[in-house]
Amino acid sequence: MPIYEYKCAKCEHVTSVFVRSATATVSPKCEACGAKKLTRQMSRVARLRTARDVQEEYSRPEDANRDPRQIGQWVEERFQKYGMNLPKDAREAIEKAREGQMPGPVDDL
Ligand SMILES: [Zn+2]
């Protein structure tokens, strides 16, 4: 079950919200001051798990057959779906893939 964290725009208190599913609608309310203007925070646990999932899937052999531009798009869409920012290393890997440099052992040629 995903946990979303929302930071209050007024008092900066972080409220954790349990969500039944990734597609469920959430109407968060600050548990400290009751304000409804909250911004979604990165959930540390979910981000780490998702980042690893993405990296694992990203390195699957069949991905080598994809258009490099599609690989990046797919990864970005996946992170967007979870409302997360792409980790810096994943972003760099995508940019390299788009330039035709697949991540992996360095070629000595
Ligand atoms: Zn508040």
Side-chain angles (χ1 to χ4, degrees):
M1 183 156 65
I3 302 170
Y4 293 161
E5 291 186 329
Y6 292 89
K7 189 177 183 182
C8 178
K10 276 173 82 176
C11 73
E12 302 203 331
H13 180 85
V14 175
T15 301
S16 297
V17 180
F18 290 86
V19 195
R20 218 171 302 171
S21 78
T23 52
T25 319
V26 186
S27 305
K29 194 173 131 186
C30 177
E31 62 188 7
C33 75
K36 288 183 179 172
K37 195 177 178 188
L38 309 184
T39 45
R40 175 103 159 261
Q41 301 293 293
M42 296 301 114
S43 168
R44 193 154 175 262
V45 174
R47 182 184 61 199
L48 290 176
R49 192 185 60 217
T50 305
R52 196 177 62 210
D53 286 348
V54 171
Q55 299 276 11
E56 281 172 4
E57 300 225 30
Y58 179 64
S59 61
R60 281 191 316 205
E62 59 261 40
D63 283 342
N65 297 323
R66 291 173 190 253
D67 182 325
R69 285 163 297 183
Q70 287 182 355
I71 293 173
Q73 195 174 48
W74 178 78
V75 174
E76 284 168 347
E77 279 170 5
R78 183 162 171 157
F79 273 92
Q80 272 172 18
K81 189 178 148 194
Y82 289 100
M84 294 171 185
N85 289 324
L86 205 58
K88 190 167 172 283
D89 56 349
R91 162 73 56 198
E92 285 168 359
I94 287 169
E95 282 170 5
K96 281 183 181 165
R98 282 175 175 166
E99 290 162 11
Q101 304 168 28
M102 292 306 290
V106 177
D107 198 322
D108 280 328
L109 288 177

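In listed order, ligands and their atoms are each counted from 1. Position 1 is the first residue of the sequence; numbering continues from there.
The existence of a salt bridge linking K88 and E92 is confirmed by a sub-4.0 Å separation between a basic side-chain nitrogen and an acidic carboxylate oxygen.
Looking only at protein N/O/S atoms, the ones less than 2.8 Å from the Zn ion (ligand 1) make 4 in total.
Put simply, the side chain of T15 gets close to the backbone of E31: a donor and an acceptor are under 3.5 Å apart.
In this view, Q80 satisfies the side-chain contact (heavy atoms from CB on, under 4.5 Å) rule with no residue, not counting sequence neighbours.
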Exercise for review: Applying side-chain contact (heavy atoms from CB on, under 4.5 Å), run through Q41 and Y6 and close with a yes or a no.
Suggested key: CA-CA 5 Å; Q41 301 293 293; Y6 292 89; 5.8 Å; no
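Of the inter-residue distances, the one linking K10 atom NZ with L38 atom CG reads 10.5 Å to the nearest 0.5 angstrom.
In this structure, E5 and R40 have side chains that are not in contact, with every pair of non-hydrogen atoms separated by 4.5 Å or more.
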